[in-house]
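Residues take their numbers from the sequence shown, with the count starting at 1.
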Amino acid sequence: MISRWCSYLALCVVTACAADSTSRTADGHPDLSGVWNGAANPRVTSSGDKVGLILAAREGTLVNFERDNTLMRRADANKPVYKPQFWEKVQQLDQNGNNEDPSYSCMPLGVPRMGPPMKIVQTSTELILLYAGPQDTYRIVPMDGRPHTPLQELDGTWKGESLGHWEGDTMVIDTIGFNDTSWLDIGGYFHSENMHVVERFTREGSTLRWQATVEDPDVLIRPWVMNARTLRINPNPKAVLEETLPCSERDLSHLVTKEHH
C-alpha cells in the first residue's frame with residue numbers, strides 16, 4: 001500500500017513538472033523566444049468554439065480559403081461596439097471595403113490587426129517581434145521601464161509606440177501613438193488616433209497565448225477584447241521564417257464584388 005502511494009506521488013510530481021515545462025531566462029521570466037508558426041487554434045469565436053480552418057482546408061471543405069475565412073470572421077459575434085453616431089460610418093466603410101480597406105491596397109495591417117508575431121527574439125531589455133506577410137513587418141519593444149512619450153509629441157504610425165513589462169508570467173505590451181488609417185478588422189472597423197492597445201503574451205510549455213484589448217473611448221462604447229489566439233512553437237531549433245513575396249497591387253481596380261454580412 002505504501003509502495004503504491006509513493007508511486008502515485010512520484011507520478012504526480014512528474015506530471016506537475018511536465019505541466020510547468022515552460023522555458024525560462026536567467027532572470028526567471030518565461031522565454032518567449034522562438035518561431036511560433038504552429039496554430040494550436042487558428043481562430044476561436046467569442047463562444048469559445050474553435051474554427052478549424054486548417055483542418056477544413058485539408059478535408060477540402062473550404063472551396064476558397066480566403067473567402068471562407070472572411071465569411072467566418074464576419075460571422076464571429078465578437079465585434080467592436082461603436083457609439084451610435086459612428087455606425088453609419090462603419091457601414092459606409094464596410095460597403096466600400098474594396099476601396100476603403102487599407103489592406104487591399106498593400107498598406108500595413110497595423111496593430112492590433114496584424115495579430116501575434118511569427119517569431120520572437122527576447123533579450124533582457126527588449127523584444128523583437130517578426131511577422132510574416134507582404135511587408136515582412138517587425139516591431140522592437142523596449143522593456144526597460146521607460147515611460148511612454150507624451151501622446152501629443154508622437155507622430156501617429158501604423159504600429160504606434162510599444163513598451164513591454166512583465167505582470168507575473170505574462171508579458172504585457174502597451175501601445176499608443178497610432179494614425180487613424182488602419183482598421184481593427186474587416187467590416188469597416190476604424191479607430192481614432194487616441195486608440196490604446198494592450199497585448200498579453202502568456203507562454204505555457206510549447207504554446208503561446210496572445211490576446212489584445214482595444215481601448216478607444218473616442219469612438220467605442222467599451223473596450224474591445226479580441227479573440228485570443230494560441231500558437232505552438234516550432235520544435236526545430238534551426239527553423240527560420242521564409243521570405244514572403246512583396247505586396248504588388250494589381251487587382252484592386254478589377255474588384256467588382258465583395259462579401260457581405
Side-chain angles (χ1 to χ4, degrees), residues 43 53 64-76 78-83 85-118 129-141 151 154-162 173 175-199 210-220 223-227 229 243-261:
R43 190 165 186 86
L53 296 179
N64 182 307
F65 181 86
E66 183 174 342
R67 182 202 67 193
D68 290 340
N69 183 22
T70 298
L71 291 175
M72 289 180 179
R73 288 160 65 190
R74 286 187 175 277
D76 190 350
N78 183 20
K79 297 177 172 65
V81 180
Y82 287 82
K83 294 180 178 180
Q85 64 267 34
F86 295 114
W87 275 114
E88 183 176 354
K89 178 178 179 178
V90 171
Q91 292 172 354
Q92 289 176 348
L93 290 173
D94 186 24
Q95 291 168 2
N96 296 289
N98 289 348
N99 295 316
E100 298 291 347
D101 189 336
S103 69
Y104 284 2
S105 54
C106 291
M107 293 294 101
L109 292 178
V111 174
R113 189 178 183 182
M114 61 203 302
M118 296 289 283
L129 310 181
L130 305 175
Y131 297 78
Q135 291 90 14
D136 284 331
T137 307
Y138 70 93
R139 297 165 67 191
I140 298 178
V141 182
L151 185 60
L154 289 173
D155 292 326
T157 61
W158 296 87
K159 296 179 291 186
E161 179 187 78
S162 297
I173 297 180
T175 307
I176 62 172
F178 295 98
N179 61 32
D180 60 359
T181 308
S182 66
W183 284 12
L184 300 176
D185 202 349
I186 59 172
Y189 299 136
F190 72 99
H191 62 82
S192 77
E193 294 180 344
N194 292 322
M195 178 175 69
H196 173 213
V197 178
V198 178
E199 300 165 271
W210 172 90
Q211 188 166 41
T213 299
V214 178
E215 300 175 355
D216 195 346
D218 286 4
V219 298
L220 298 181
W224 180 41
V225 181
M226 299 176 65
N227 295 328
R229 303 187 198 179
E243 181 179 348
T244 54
L245 294 175
C247 182
S248 177
E249 179 50 56
R250 296 185 297 271
D251 300 323
L252 185 60
S253 61
H254 303 293
L255 291 175
V256 294
T257 62
K258 72 181 295 293
E259 303 291 352
H260 293 282
H261 293 282

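When all heavy atoms are compared, the tightest approach of Tyr138 to Leu130 is CB-CD2, 3.8 Å. Taking every heavy atom of both residues into account, Ile173 and Ser162 meet most closely at CG2-CB, 3.8 Å. Here the closest heavy-atom approach between residue Gln211 and residue Asn227 is recorded as NE2-C, 4.2 Å. Heavy-atom minimum distance, Pro80 versus Trp87: O-CH2, 3.8 Å. Closest non-hydrogen pair, Tyr82 versus Phe190, comes out as OH-O, 2.5 Å. Taking each heavy atom of Pro116 and Arg229 in turn, the nearest pair found is CD-NH1, 3.7 Å.
For Asn194, the side-chain hydrogen bond (donor to acceptor under 3.5 Å, both in side chains) test picks out Asp218, with sequence neighbours left out. Scanning for side-chain hydrogen bond (donor to acceptor under 3.5 Å, both in side chains) contacts around Tyr131 gives Arg139, with sequence neighbours left out. Qualifying side chain to side chain contact (heavy atoms under 4.5 Å, CB included) partners for Thr181, counting only residues two or more places apart in sequence or in other chains: Trp158, Asn179. A search for salt bridge (charged side-chain N to carboxylate O under 4.0 Å, His left out) contacts involving Glu161 returns nothing, not counting sequence neighbours. Under the rule for a side chain to side chain contact (heavy atoms under 4.5 Å, CB included), the partners of Met226 that lie at least two apart in sequence or sit in another chain are Pro112, Trp210, Ala212, Val214, Trp224. Listed by chain and number, the residues in a side chain to side chain contact (heavy atoms under 4.5 Å, CB included) with Leu109 are Ser103, Arg113, Met114 (sequence neighbours excluded). Qualifying side chain to side chain contact (heavy atoms under 4.5 Å, CB included) partners for Gln92, counting only residues two or more places apart in sequence or in other chains: Glu88.
Put simply, CG on Leu220 and OH on Tyr189 are 11.0 Å apart, with the number rounded to the nearest 0.5 Å. The distance from the CG atom of Leu129 to the CD1 atom of Ile140 is 9.5 Å, given to the nearest 0.5 Å. Here the CD atom belonging to Glu215 is positioned 11.5 Å from the CD1 atom belonging to Ile176, to the nearest 0.5 angstrom.
Contact check for Val111 versus Glu199: side-chain heavy atoms found under the 4.5 Å cut-off. Residues Ser182 and His191 meet the side-chain proximity criterion, which asks for heavy atoms closer than 4.5 Å.
Note on residues 186-195: no pairs pass salt bridge (charged side-chain N to carboxylate O under 4.0 Å, His left out), not counting sequence neighbours.
Atom NZ of Lys89 is surrounded by 12 or fewer heavy atoms from other residues, nucleotides or ligands within 6.0 Å. Other residues, nucleotides and ligands contribute more than 12 heavy atoms inside 6.0 Å of the CD atom of Gln85.
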